[in-house]
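Before any comments, here is the structure.
Scope of the values below: all heavy atoms of this structure, side chains included, with no hydrogens, waters or symmetry mates. Worth saying up front: this structure is predicted, and the values here are computed from it rather than measured. The first residue of the sequence shown is numbered 1, and numbering continues consecutively from there.
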Amino acid sequence: MKQGDLELAVVLPTFNERANVVPVLEKLALTLADISYEVIFVDDDSPDGTADVARRIARENPRIRVIQRVGRRGLSSACIEGMMATSAPLIAVMDADLQHDDTVLPQMVAKLKQEQLDIVVATRNIGGGSMGNFAESRVRLSNLGRTLSNLVSHTPLSDPMSGFFVLDRRYLLEVVYDLSGIGFKLLLDLVASAKRPVRVGEIPYRFGVRVHGESKLDILVGFEYLQLLLDKFVGGLLPTRYLIFALVGSLGAIIHMILLGALIASGLQFLYAQAVTTAVVMTLNFFLNNVFTYRDRRLQGRRLLSGLLTFYAACALGAFINLWIASYLLGHGSPWYVAGFAGLVISSVWNYGITGIFTWRKGRTLQPRTA
């Protein structure tokens with residue numbers, strides 16, 4: 001295959017998909033026999049050695065490329081990295097778990113070219129499409145996601161939760177700088193980031209059954225979807241991560257008051273009750289932020305303890321700043337509620353900035369590979 005003849009790049013984001021590498025490549029070879037294509041595996045440093053398997057095949061097959069990401073994770077960001085790594089004019093994104101019906105790819109490519117579209121989506125929600133053996137609860141969640149997506153996207157999509165689509169490279173370059181890169185739902189991100197009406201086509205497909213490996217869907221995936229929606233609403237005004245950090249802090253404040261009241265009611269002196277409550281809530285905030293706010297930098301193993309200690313230190317200093325700012329404003333004539341709110345906001349920004357640098361600093365946060 002000559003590079004100048006390359007027509008289509010198929011981007012496959014992977015994490016622990018070792019057993020699916022060979023089967024998906026065999027299926028693509030049959031489906032795309034009449035198309036000049038390449039396959040780009042973007043692997044988030046899978047412990048099962050997915051990248052190693054793909055690299056061994058790539059030594060013999062020039063169509064195969066591998067990007068192994070170390071210290072970075074996330075399906076959307078992986079797909080963006082893979083899409084930007086190809087020179088192909090058309091780019092397909094699909095899962096490597098064999099649940100996406102690769103046989104519709106030629107139809108998607110043909111439709112995009114013939115109708116001069118920006119994106120063609122493989123959808124489960126029009127005639128001929130199917131959710132497969134999705135549980136009823138999963139179907140309801142998918143329908144809820146479709147309803148919520150209409151809040152940020154001005155382009156109607158029957159299946160905005162789809163992870164299977166083909167797009168024109170020119171459209172990608174048009175929107176790439178506005179992409180959030182959050183979570184698993186890149187299609188919605190691509191469409192919602194457009195400054196103009198998006199030319200979208202749809203092809204029905206039936207969602208298949210996973211043969212190897214485990215599904216990556218969990219409650220945190222749903223949370224990341226909500227985070228993406230939030231980013232599209234206010235991402236240009238405030239960092240979405242800060243809003244989640246503040247939300248966790250607000251929840252902690254409510255729990256603090258409830259627990260403090262309960263301890264005082266039980267007979268514990270105020271200072272002791274305040275100290276216990278502060279320690280409990282700071283610890284809770286740390287773990288909630290580790291799971292939700294900084295999921296992509298999540299601390300594990302021994303780094304949890306050092307992270308917790310730096311979080312304690314940052315928040316203790318933040319509390320001192322809060323009191324100092326509030327006292328200063330109160331002493332210079334500000335109403336108590338203005339002084340209190342100002343101290344809270346400034347200490348919140350301090351805690352967010354310092355913990356982002358020292359507690360959840362960018363770097364390798366994943367466990368070392370074992371395979």
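In this structure, the side chains of N289 and F245 come closer than 4.5 Å at one or more pairs of heavy atoms. The side-chain heavy atoms of F41 and V21, taken from C-beta on, include a pair separated by under 4.5 Å. Contact annotation: the side chain of I203 approaches that of K111 to within less than 4.5 Å [non-hydrogen atoms, C-beta and beyond]. Using a 4.5 Å heavy-atom cutoff, the side chains of V53 and E17 are not in contact. In this structure, L105 and Y205 have side chains that are not in contact, with every pair of non-hydrogen atoms separated by 4.5 Å or more. Within the 4.5 Å cutoff, no side-chain heavy atoms of L25 are placed close to those of V22. Looking at heavy atoms from C-beta onward, L190 lies in side-chain contact with F165 at the 4.5 angstrom threshold. Looking at heavy atoms from C-beta onward, M94 lies in side-chain contact with L28 at the 4.5 angstrom threshold.
With hydrogens and angles disregarded, no donor-acceptor distance shorter than 3.5 Å links the side chain of D168 to the backbone of L90. When atom types are taken as modelled, the side chain of W350 and the backbone of V345 share no donor-acceptor pair closer than 3.5 angstrom. Put simply, the side chain of T50 never gets that close to the backbone of S46: no donor and acceptor are under 3.5 Å apart. Under the 3.5 Å distance criterion, the side-chain polar atoms of R18 are matched with a main-chain donor or acceptor of D48. Of the possible donor and acceptor atoms, one in the side chain of R65 sits under 3.5 Å from a partner among the backbone N and O of A85. With R199 contributing its side chain and Q116 its backbone, the two residues share a donor-acceptor pair below 3.5 Å. In this structure, the side chain of S250 engages the main chain of A246 through a donor-acceptor pair within 3.5 Å.
Within the structure, every pair that satisfies the salt bridge (Lys or Arg N to Asp or Glu O under 4.0 Å) test and touches residues 6-16, not counting sequence neighbours, is listed here: E7-K113.
Cation-pi geometry between R63 and Y37 is satisfied (NZ or CZ under 6.0 Å from the ring centre, within 45° of the ring normal).
Atom OG of S162 sits about 9.0 Å away from atom CG of L157, to the nearest 0.5 Å. Note: I64 CD1 to R56 CZ = 14.0 Å, rounded to the nearest 0.5 Å. The CG atom of L172 lies 5.0 Å from the CD1 atom of I91; values are rounded to the nearest 0.5 Å. In this structure, M108 CE and T103 OG1 are separated by 10.5 Å, a value rounded to the nearest 0.5 Å. The CD1 atom of I67 lies 11.5 Å from the CG atom of L12; values are rounded to the nearest 0.5 Å. Between the CG atom in L251 and the CG atom in L288 there is a gap of 6.5 Å [rounded to 0.5 Å].
In terms of heavy-atom proximity, L187 sits nearest to I119 at CD1-CG2, 4.1 Å. The minimum heavy-atom distance linking A54 with V66 is given by the pair CB-CG2, 3.6 Å. When all heavy atoms of G318 and S347 are compared, the pair lying nearest together is O-CB, 3.1 Å. In plain terms, the two heavy atoms of A273 and I264 that are nearest each other are CB-CG1, 4.0 Å. Taking all atoms of both residues into account, the shortest heavy-atom contact from V42 to G82 is CG2-CA, 3.6 Å. Between C79 and L186, the shortest heavy-atom contact is CB-CD2, 3.4 Å.
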Might you work through the side-chain contact (heavy atoms from CB on, under 4.5 Å) test for I40 and M83, ending with a clear yes or no? CA-CA 9 Å; I40 303 176; M83 292 190 296; over 6 Å; no
side-chain contact (heavy atoms from CB on, under 4.5 Å) evaluation trace for V109 with L8: CA-CA 8 Å; V109 170; L8 174 70; 4.1 Å; yes
One pair to check against side-chain contact (heavy atoms from CB on, under 4.5 Å): K27 and L98. What are the steps and the verdict? CA-CA 9 Å; K27 290 171 71 69; L98 309 178; 3.8 Å; yes
Assess whether side-chain contact (heavy atoms from CB on, under 4.5 Å) is satisfied between V198 and Y171, documenting all intermediate values. CA-CA 9 Å; V198 186; Y171 178 74; 3.4 Å; yes
List the steps and the verdict of side chain to side chain donor-acceptor pair (under 3.5 Å) for T31 and D102. CA-CA 7 Å; T31 296; D102 61 281; 2.3 Å; yes
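Ring centroids of Y328 and W324 are separated by less than 6.0 Å, placing the two rings close together.
Taking hydrophobic clusters as Ile, Leu, Val, Met, Phe, Trp and Tyr residues chained together by side-chain heavy-atom distances below 4.5 Å, V191 shares a cluster with Y177. Placement of Y312 and Y294 within a single hydrophobic cluster is found when ILVMFWY residues are connected by side-chain heavy-atom separations under 4.5 Å, directly or transitively. V276 and L284 fall into different hydrophobic clusters, where Ile, Leu, Val, Met, Phe, Trp and Tyr are joined by side-chain heavy atoms under 4.5 Å apart, directly or via other members. Hydrophobic cluster membership is shared by I354 and I321, with clusters built from Ile, Leu, Val, Met, Phe, Trp and Tyr side chains linked at under 4.5 angstrom. Side-chain heavy atoms closer than 4.5 Å link hydrophobic residues (I, L, V, M, F, W, Y) into clusters, and following such links, even through other members, never connects L260 to Y272.
Salt-bridge formation is detected for the pair E81/R72: a Lys NZ or Arg NE/NH1/NH2 atom is positioned less than 4.0 Å from an Asp or Glu carboxylate oxygen. Checked for salt-bridge contact, D118 and R196 meet the test: a charged N lies under 4.0 Å from a carboxylate O. The existence of a salt bridge linking K195 and D178 is confirmed by a sub-4.0 Å separation between a basic side-chain nitrogen and an acidic carboxylate oxygen.
A donor atom on one side chain and an acceptor atom on the other are found under 3.5 Å apart for E38 and T86. Side-chain contact check for T14 and D43: at least one donor-acceptor pair (N or O, by modelled atom type) lies under 3.5 Å. T359 and T310 form a side-chain donor-acceptor contact under 3.5 Å, judged by distance and modelled atom types alone. Side-chain contact of S193 with D189: a donor-acceptor pair under 3.5 Å is present, judged by distance alone. With 3.5 Å as the limit, one finds a donor-acceptor pair spanning the side chains of W360 and N290. Residues Y242 and T293 bring no donor and acceptor atom of their side chains to less than 3.5 Å of each other. Side-chain contact of T123 with S158: a donor-acceptor pair under 3.5 Å is present, judged by distance alone.
Ring orientation note: the planes of H100 and F164 are close to parallel, at an angle under 30° on the 30°/60° scale.
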